[in-house]
Amino acid sequence: MSEETKSLNFIEHIIEEDIQNGFSPENIRFRFPPEPNGYLHIGHAKSICLNFGLGLNYNAPVNLRFDDTNPAKEEQEYVDSIKEDIKWLGFEWDKECYSSDYFQQLYDWAVLLIKNGKAYVDSQSSEEMAEQKGTPTTVGTNSPYRDRSVEENLDLFERMKNGEFEAGTHVLRAKIDMSSPNMLMRDPLMYRILFKEHHRTGNDWCLYPMYDWTHGESDYVEAISHSICTLEFLPHRELYEWFLDNIYEAPKVKPKQREFARLNLNYTVMSKRKLAQLVDNNVVSGWDDPRMPTISGLRRKGYTPAAIRKFADTVGVAKRDNIIDVALLEFCIREDLNKKAPRVMAVLNPVKLIITNYPEGQEEWLDAENNPEDEHAGSRKVPFSRELYIEREDFKEEANRKFFRLKLGGEVRLKNAYIIKAEDVVKDENGEILEIHCTYDPLSKSGSGTEESMRKVKGTLHWVSTKHALEAEVRLYDRLFLDEAPDSHKDKSFMEFINPDSLKVITGYVEPSLKGVKELDHFQFQRLGYFNIDKDSTKEKLVFNKTVGLRDTWAKVKNK
RNA sequence: UGGCCUAUGGUGUAAUUGGCAACACAGCUGGUUUUGGUCCAGUCGUUCUAGGUUCGAGUCCUAGUAGGCCAACCA
């Protein structure tokens with residue numbers, strides 16, 4: 001079987017066209033260029049999957065390049081987390097690069113531009129320059145310093161580099177066109193003076209290049225053929241090309257910038273600034289809080305690399321703004337975990353169930369299938385006894401026939417065990433049920449092959465033996481925001497839509513086979529959802545995170 | 001008041017480049033099931049508007065409408 005012919009996205013169409021037009025496939029090269037000023041989120045995952053996926057498809061190298069031109073915001077912590085996240089997603093970069101590695105080259109090229117009359121030192125305040133910049137609908141005016149001599153510019157620029165001037169006193173600007181309809185072409189800044197220690201170059205420089213001047217030239221240095229970024233950089237393309245044209249030397253690869261629509265997810269926010277705000281205001285416990293749309297948050301919540309890659313693949317790549325339904329992300333993780341996660345029994349909201357005709361003190365270890373979706377997963381033993389926990393929601397004193405669970409006088413199968421019949425309840429003075437008393441049919445044991453064991457009863461419940469169960473902390477997550485588009489309201493901050501119940505911490509009871517499981521191990525708590533082990537887990541105390549619930553048809557029926 | 005980008009079911013993304021609008025998710029119906037999960041079958045629903053070119057337009061042209069981006073010494 002040949003693999004399904006997958007349709008190409010518009011970036012791939014462009015690459016195919018370039019190859020058609022004679023661009024040599026071995027010169028194809030990509031890069032993923034994060035700024036190390038925050039943790040990567042699911043939107044970056046889309047970009048990572050795009051760039052590294054392209055690299056795989058075209059057998060082309062993909063560089064990881066840290067776009068570190070602003071020492072005020074960038075930190076090593078972020079570099080480390082970014083590398084970890086990309087590796088975890090399953091991708092390998094060719095070279096690990098830093099824009100700061102090119103500071104000298106960039107400086108030399110800037111001198112070249114000055115010599116060619118393409119750049120000049122401006123000595124006005126930022127306010128004055130902003131004033132002269134004009135607006136999208138009105139043209140700008142030239143700086144009084146625009147026509148400084150090459151010699152003066154060269155001298156000033158060198159002294160800027162040497163630290164002779166205070167921050168803010170001078171900048172280097174490209175000399176382009178103050179009346180361009182594209183604001184970015186109105187003599188954009190190339191350099192500013194910043195007396196800040198850089199996470200890599202230390203105090204070597206007090207002159208730092210701006211994004212536009214840095215990015216395209218870095219692509220050029222690395223011979224990136226296709227420089228893929230998000231839509232908001234589209235107007236930068238003209239400048240990207242202008243800068244390149246001023247330093248380009250003939251046989252080399254001239255990088256091409258192309259733009260795609262960034263990922264948006266409903267019920268969350270997706271900008272590093274806003275995510276940082278959630279962290280700084282302690283709305284969440286950190287960048288890797290499972291409620292965050294960060295890669296580290298999703299990982300901690302129990303998402304798998306395969307699920308995220310599948311998601312990125314499914315949402316596609318195009319040029320129109322989009323808002324993806326989180327239901328799609330949830331579908332992707334369920335699909336993956338359904339195949340991989342071992343099934344176990346856990347009771348999260350327990351009520352005691354006593355089997356009155358089961359001998360006191362007796363216990364049995366029953367066979368339980370680990371994963372019906374994976375025949376190689378094998379089975380395990382689970383302990384059964386007279387006293388069990390079941391979910392409070394699985395019992396009602398009376399209910400209609402749509403309720404496939406336990407009710408007084410009704411029968412139900414205990415998963416992997418026996419058919420039971422509810423006989424009586426014991427309540428406290430407030431009417432709260434303390435115990436459910438039932439009887440079991442000793443001949444109905446699962447898998448025993450008896451006629452009784454083959455009987456069809458409508459409901460099957462999960463359970464744990466009170467005596468054998470392990471206590472565990474279980475963290476239940478709900479969406480962080482109550483609004484579908486929390487940051488789309490002009491008059492309200494996204495912070496006003498935070499879901500106060502996004503985290504519930506409860507104590508649950510899990511079957512004893514879970515003793516000794518490792519961080520990040522995934523499980524399906526049968527009939528409840530997927531859970532994984534949090535890093536806060538210890539030998540003494542298990543801590544689970546809820547990854548996602550199972551699809552819940554009952555919830556829909558119930559609410560009708 | 002300018003320039004640029006985008007417009008296909010509820011949400012996304014395709015359409016052999018001008019030739020029967022399809023795939024996934026979501027929704028709904030039913031079946032199987034010792035998970036109200038999975039799986040299976042079925043179903044709902046789509047080319048922003050108006051003109052034009054053409055034998056034929058989602059695709060090309062014109063105008064309109066709607067949404068997005070652009071005035072940081074951020075990236």
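Every chain is numbered from 1, with letters handed out A, B, ... down the list of sequences.
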Phosphate OP1/OP2 of [N] contacted by [X] side-chain N/O (<4.0 Å):
| X | N | value |
| --- | --- | --- |
| A:Arg551 | B:rU38 | yes |
| A:His13 | B:rA15 | yes |
| A:Thr137 | B:rA71 | no |
| A:Lys73 | B:rA75 | no |
| A:Arg527 | B:rG36 | yes |
| A:Lys556 | B:rG27 | yes |
| A:Ser126 | B:rA72 | no |
| A:Arg262 | B:rA75 | no |
| A:Lys319 | B:rU6 | yes |

Exercise. Under 6.0 Å from the CZ atom of A:Arg262, do we count more than 12 heavy atoms belonging to anything else shown?
Worked result: no
For this session: Mark yes or no for a side-chain to base donor-acceptor pair under 3.5 Å between A:Glu369 and B:rU34, with no hydrogen or angle criteria applied.
Result: no
For this session: Report yes or no: is there a donor-acceptor pair, N or O only, under 3.5 Å between the side chain of A:Gln524 and the base of B:rG37?
Result: no
Pair partner, [N] [Watson-Crick or wobble, under 3.5 Å]:
| N | result |
| --- | --- |
| B:rC55 | B:rG19 |
| B:rC28 | B:rG42 |
| B:rG2 | B:rC70 |
| B:rA63 | B:rU49 |

Base, sugar-phosphate, or nothing for [X], non-hydrogen atoms under 4.0 angstrom?
| X | result |
| --- | --- |
| A:Phe403 | base |
| A:His215 | nothing |
| A:Ile323 | sugar-phosphate |
| A:Lys456 | sugar-phosphate |
| A:Asn37 | nothing |
| A:Met129 | base |
| A:Arg405 | base |
| A:Glu373 | base |
| A:Gln124 | base |
| A:Glu238 | nothing |
| A:Val457 | nothing |
| A:Phe404 | base |

Separation between the [atom1] atoms of [N] and [M], rounded to whole Å:
| N | M | atom1 | answer |
| --- | --- | --- | --- |
| B:rG31 | B:rG37 | P | 13 Å |
| B:rA63 | B:rU6 | P | 16 Å |
| B:rC70 | B:rC61 | C1' | 28 Å |
| B:rA7 | B:rC73 | P | 33 Å |
| B:rA21 | B:rU46 | C1' | 8 Å |
| B:rG51 | B:rG12 | C1' | 31 Å |
| B:rA57 | B:rC48 | P | 15 Å |
| B:rC23 | B:rG64 | C1' | 33 Å |

[X] side chain, from C-beta outward: closest of [options]:
| X | options | result |
| --- | --- | --- |
| A:Pro235 | B:rA26, B:rC70, B:rU34 | B:rC70 |
| A:Asp321 | B:rA75, B:rU35, B:rG68 | B:rG68 |
| A:Asn9 | B:rC74, B:rA14, B:rG36 | B:rA14 |
| A:Gln526 | B:rC74, B:rG36, B:rU35 | B:rU35 |
| A:Thr553 | B:rA71, B:rG36, B:rA75 | B:rG36 |
| A:Glu232 | B:rG36, B:rC69, B:rA71 | B:rC69 |
| A:Asp552 | B:rG12, B:rG36, B:rG37 | B:rG36 |
| A:Ala327 | B:rG36, B:rA26, B:rG12 | B:rA26 |
| A:Pro372 | B:rC73, B:rA14, B:rU35 | B:rU35 |

Exercise. For A:Trp554 and B:rG36, do the ring centres fall under 5.5 Å apart while the planes stay under 30° apart?
Worked result: yes
Please report whether the ring centroid of [Y] lies less than 6.0 Å from that of [X].
| X | Y | answer |
| --- | --- | --- |
| A:Tyr211 | A:His215 | yes |
| A:Phe66 | A:Tyr98 | yes |
| A:Phe404 | A:Trp554 | no |

Problem set entry | Check: A:Gln257 main-chain N/O paired with A:Ser227 side-chain donor or acceptor under 3.5 Å | no
For this session: Ignoring hydrogens and angles, tell me if any N or O in the side chain of A:Arg334 forms a donor-acceptor pair with the backbone of A:Gly549 under 3.5 Å.
Result: yes
I need the [X] [atom1] to [Y] [atom2] distance, nearest 0.5 Å.
| X | Y | atom1 | atom2 | value |
| --- | --- | --- | --- | --- |
| A:Asn153 | A:Lys175 | CG | NZ | 7.5 Å |
| A:Leu298 | A:Ile308 | CG | CD1 | 5.0 Å |
| A:Tyr39 | A:Ile295 | OH | CD1 | 12.0 Å |

Exercise. Is B:rU46 in the syn or the anti form, by the rule that syn lies within 90° of 0?
Worked result: anti
